[in-house]
Participant: 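One structure, pasted below without further comment.
When a ligand or atom number is given, it counts from 1 through the structure's own listing order. As the structure is a prediction and not an experimental result, all values here were calculated from the model.
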Amino acid sequence: MAHKQIIIIGGGVIGLGIGWQLAKAGASVTIYERGEAGRAASWAAAGMLAPLAEAHTEESVLLKLGCESLARYPQWVRELEADAEMSIGYRMEGTLIIGLEPDDTHQLRHLYTAQQDLGLDVEWLSGREAREIEPVLSPRVTAAIHCTTDYQVDNRQMVAALQRAYQACGGVLHENSAVERIVIENRIATSVQTQDGFQAADVVLLSAGCWSAQVDGLSETIRPPIRPVKGQMLALQMEEGIAINSVIRTVRARYPTSVYLVPRTDGRLIVGATSEEMGFDTRLTVGGVFELLRGAWEAVPGIYELPILETWAGLRPGSRDNAPILGETPVENLIYATGHYRNGILLTPITAYEIAKLILTGETSEIIAPFQLDRFSK
Ligand code: GLY
């Protein structure tokens, strides 16, 4: 398959990551991106690599996929940084999940028990012990879970690196060039239609995030059930006296929004995120920004004085069960890699390695097999 023509619809981290791996293996790859590459969910994300912090017992196959992807991060970082000749800001300081009042501690205990039942590497801390790790935490912090292996990467640097590595390997990127239709003849995907006409393909890969269901040519049975889930975010500038090294997440039993704070090496502190079913609306709201600032301020009171650098809202691509849709479809030569919801950055390595392998060899690995589209019709 290495010499064949592969068309990728969507140039976020998933499309770029798969494209890079394929182009590196010698395939002829063209990405069509409706906007600018990597400027949608990949750009809006916080870059947390946190399968443990978001673990729930009912999602154990997804947790396994997340842990496996996290395990592949060191190799991914080495390979990508070498090919792109730039850093992607991979940091391994771990994550603290904190509670601020008795109801939160109760919820934290529940999460801790579930994480332990799953055999995860987590540690229960008192408020004092949490403050020993991050002295800026509020004196109100009652308890915390330390997820020592939940890391972070700078997703915006990863976008830049992937674009560079992909193009350096010969990958072709068309920006501001949407695929209007996937052409399917006799249950075989044969080409795509763009503003410049029909482009023939041996394989069509759909990785268009929350726009995946909007591409024409897909019948109802194979249309991926993906919707946008809005997340409002902001970035603060850390200043002297506010040094944070770990990712900090709150559990707030009595508030609508739990927040996370993600410190970047360049001094930015990312604060996120709301979770709203608002279609393609990306407007910031007073309530959304207020909840983020309140949550962040309660966790780390010292942020009160910090300058706000940026505000934005992104759209997570959520599937019907909020797990990604990966692999073959009932249509020959049509592959999906979409619906990564809250875990797109975490799941990029495993998706890129395993979907590239599927396209090159025809082999679906055990780890991605549970995530095929056909699970929705079973
Ligand atoms: N993974 C963080 C978020 O979706 O907000």
Participant: Need the ligand 1 atom indices (1-based, order shown) with element for anything under 4.0 Å from a heavy-atom of A273.
Facilitator: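 Under 4.0 Å from A273, ligand 1 has these atoms: 5 (O).
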Participant: Salt-bridge test for E68 and K64: reply yes if a basic N is under 4.0 Å from a carboxylate O, no otherwise.
Facilitator: no
Participant: Does W312 have any ring pair (Phe, Tyr, Trp, His ring centres under 6.0 Å) partners at least two apart in sequence or in another chain, and if so, which?
Facilitator: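 Per chain and number, W312 pairs via ring pair (Phe, Tyr, Trp, His ring centres under 6.0 Å) with no residue.
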Participant: At less than 4.0 angstrom from any non-hydrogen atom of M48, what atoms of ligand 1 do you find?
Facilitator: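 With M48 as reference, the close atoms of ligand 1 come out as 2 (C).
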Participant: Based purely on interatomic distance, does Y260 place a nitrogen or oxygen under 3.5 Å from a nitrogen or oxygen of ligand 1?
Facilitator: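 Right, the criterion is met.
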Participant: Could you check W76 against Y353 for ring-ring contact (aromatic ring centres under 6.0 Å, His included), going step by step and ending with a plain yes or no?
Facilitator: CA-CA 9 Å; W76 174 262; Y353 288 134; 5.6 Å; yes
Participant: Just jot down the side chain to side chain contact (heavy atoms under 4.5 Å, CB included) partners of S138, sequence neighbours excluded, or say none.
Facilitator: L100, R140, V141, P301
